[in-house]
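To start, the structure itself, in structure tokens.
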Amino acid sequence: MTINRLRISSSFARMAEEISKAELRTATSAAEKAQSRSLWPSVLRWIPTSTDHIIAAEKRLLSLVKTPFVQERVNIGSGPPGTKTRWFCSSSDEPRYINTVTFESKAESPTLVMIHGYAASQGFFFRNFDALASRFRVIAVDQLGWGGSSRPDFTCKSTEETEAWFIDSFEEWRKAKSISNFVLLGHSFGGYVAAKYALKHPEHVKHLILVGPAGFSSESEVKSERLTQFRATWKGAVLNHLWESNFTPQKLVRGLGPWGPDLVRKYTSSRFGTYSIGDILNDEESRLLSDYVYHTLAAKASGELCLKYIFAFGAFARMPLLQSASEWKVPTTFIYGYEDWMNYQGAQEARKSMNTPCEILRVPQAGHFVFIDSPSSFHSSVFYACRRFLSPEPEKESLPEGIISA
């Protein structure tokens, strides 16, 4: 576990495994300006992207999904500059929107809401929507400040304000959609947000699925001597400074300008191709995902700036979930790839204090992006986790073949 965290500390590549989408137009005037900018050839712009590029890339990626869906931008309200509503903190009073995709399903299907991880977006679940929509009413959202959702200026200055940015904006989205009693699934940082939301609003969540969740342990709990020693080196000091300065992976991509797309393409083809742990993306999937990832990375910085407020250097949580395990009120299933750099032992430790049903599933031939690496096993794990909603005799359901119970 310590070795894995050192890898995170010495490179932002691990945190960049979860990649973000960009802002859609939030008003007619903004849309007209974006359209005007998009008329300039990409080669004449340092960052070869635009709102139109982002929208088109998203549509191309989701064209791989066979299940009909509806995309909408849900208005979660607005607030004047200086408002005390923390997720409104901005110099703008424009309405905020949450990009939402709802897939066609049978009327009686339970609702499954999916939240992406750090620097990612709902499109990362493109390999899962068809299978999950066969048994759920699937709703995937982009968190505020990422993906197709609004990207207001990020002005939070503390961990508490930053958590409120994501948790409270999601609650406003839930109210606007008038949904409750749903299964909530979150991946990585999205798992952290989902867990924090369930702690604050357990009455709306009937089951929680955390996929490779971040934020379970603090540095003091792990007591990493190796990390302390690394910090004492000049490399460690430089990287610690970059972290505390809120230097994000997206800033690197923006800084590379016209060379950014090639870097992202190499990363995507390497992570999900050459060095894939499980099911390799085919050429079309790789091409469409790479294009989608670039345009989202290069977009305006917003939600990505949460990084230093949620995690200390080394990706240790500043307000770890382990400390609130005894307050858990929602039945929970953890799903980890067998090669996931997020360690499942944090969930095992939390389970000791939890007073609600909890199980931990590990998927072979999968890493942190278990839903991309091994989609079939991931789907089986989700169906098994929700057997009491999906099966007439849940007690007779057996653990899916190959899945390991930890």
Side-chain angles (χ1 to χ4, degrees), residues 65-69 102-115 125 127-140 174 177-187 190-191 194-195 197-199 201-213 278-279 325-338 340 344 347-348 350-366 370-406:
V65 181
K66 297 181 175 62
T67 306
F69 62 87
T102 304
F103 292 85
E104 188 175 280
S105 63
K106 296 178 181 178
E108 67 276 13
S109 299
T111 298
L112 172 66
V113 178
M114 305 178 74
I115 302 178
F125 296 115
R127 275 187 151 186
N128 315 117
F129 290 138
D130 283 326
L132 296 178
S134 69
R135 305 190 72 178
F136 293 99
R137 176 196 178 204
V138 175
I139 306 177
R174 185 203 64 77
K177 289 290 290 179
S178 298
I179 64 170
S180 190
N181 198 36
F182 54 90
V183 177
L184 181 59
L185 182 152
H187 171 241
Y197 175 83
L199 280 165
H201 300 284
E203 68 276 12
H204 301 306
V205 183
K206 64 180 180 180
H207 196 87
L208 186 63
I209 301 177
L210 304 181
V211 184
D279 296 344
S326 62
E327 302 169 26
W328 229 269
K329 297 179 181 179
V330 178
T332 303
T333 300
F334 295 88
I335 299 176
Y336 292 86
Y338 199 81
D340 199 330
Y344 71 96
Q348 288 181 319
R351 183 170 55 185
K352 297 176 183 178
S353 302
M354 293 171 67
N355 298 309
T356 188
C358 172
E359 57 189 356
I360 302 170
L361 307 178
R362 301 182 68 198
V363 178
Q365 294 187 310
V370 55
F371 46 89
I372 294 180
D373 292 332
S374 187
S376 294
S377 294
F378 173 72
H379 304 150
S380 297
S381 298
V382 172
F383 296 149
Y384 180 75
C386 297
R387 56 194 180 277
R388 64 191 177 103
F389 313 120
L390 301 175
S391 174
E393 297 181 290
E395 67 281 353
K396 293 185 179 180
E397 292 290 325
S398 57
L399 194 67
E401 184 178 357
I403 305 301
I404 301 167
S405 179

Spacing of [X] atom [atom1] and [Y] atom [atom2] [to the nearest 0.5 Å]:
X      : Y      : atom1 : atom2 : result
Ile209 : Ile115 : CD1   : CD1   : 12.0 Å
Glu104 : Thr102 : CD    : OG1   : 11.5 Å
Ser405 : Tyr384 : OG    : OH    : 7.0 Å
Leu112 : Arg135 : CG    : CZ    : 12.0 Å

Applying the side chain to side chain contact (heavy atoms under 4.5 Å, CB included) criterion to Val382, which one of Leu390, Leu132, Asn128 satisfies it? Leu132

For atom CZ of Phe103, decide whether the heavy atoms of other residues, nucleotides or ligands shown that lie under 6.0 angstrom number more than 12. yes

Does CD in Glu395 sit with more than 12 non-hydrogen atoms of other residues, nucleotides or ligands closer than 6.0 Å? yes

Heavy-atom closest pair, residues [X] and [Y]:
X      : Y      : value
Leu208 : Ala198 : CD2-CB, 4.1 Å
Ala133 : Ser105 : O-CB, 4.1 Å
Met114 : Val138 : SD-CG1, 3.7 Å
Ser381 : Leu361 : O-CD1, 3.9 Å
Ser380 : Pro400 : O-CG, 3.6 Å
Leu210 : Gly191 : CD2-O, 3.5 Å

Under a 4.5 Å cut-off applied to non-hydrogen side-chain atoms, are [X] and [Y] in contact?
X      : Y      : answer
Gln365 : Asp373 : no
His379 : Ser134 : no
Phe136 : Cys386 : yes
Ile403 : Ile335 : no
Val113 : Arg174 : no
Trp328 : Thr356 : yes
Val211 : Val370 : yes

Taking the six-membered ring for Trp, are His207 and Phe389 parallel (under 30°), tilted (30 to 60°) or perpendicular (over 60°)? perpendicular

Mind telling me whether Phe334 and Tyr336 have parallel, tilted or perpendicular rings, with 30° and 60° as the class edges? parallel

In chain order, what residues pass the ring pair (Phe, Tyr, Trp, His ring centres under 6.0 Å) check against Phe125, with sequence neighbours excluded? Phe371

Salt-bridge present (Glu359, Arg388; N to O < 4.0 Å): no

Only pairs under 3.5 Å count here: list side-chain donor-acceptor contacts from residues 177-184, not counting sequence neighbours, and write none if there are none.
from   : atom 1 : to     : atom 2 : distance (Å)
Lys177 : NZ     : Glu72  : OE2    : 2.5
Ser180 : OG     : His204 : ND1    : 2.9

Can you tell me if Arg127 uses its side chain to pair, donor with acceptor, with the backbone of Ile372 under 3.5 Å? yes

Flag, side chain of Asp130 to backbone of Val65, donor-acceptor distance under 3.5 Å: no

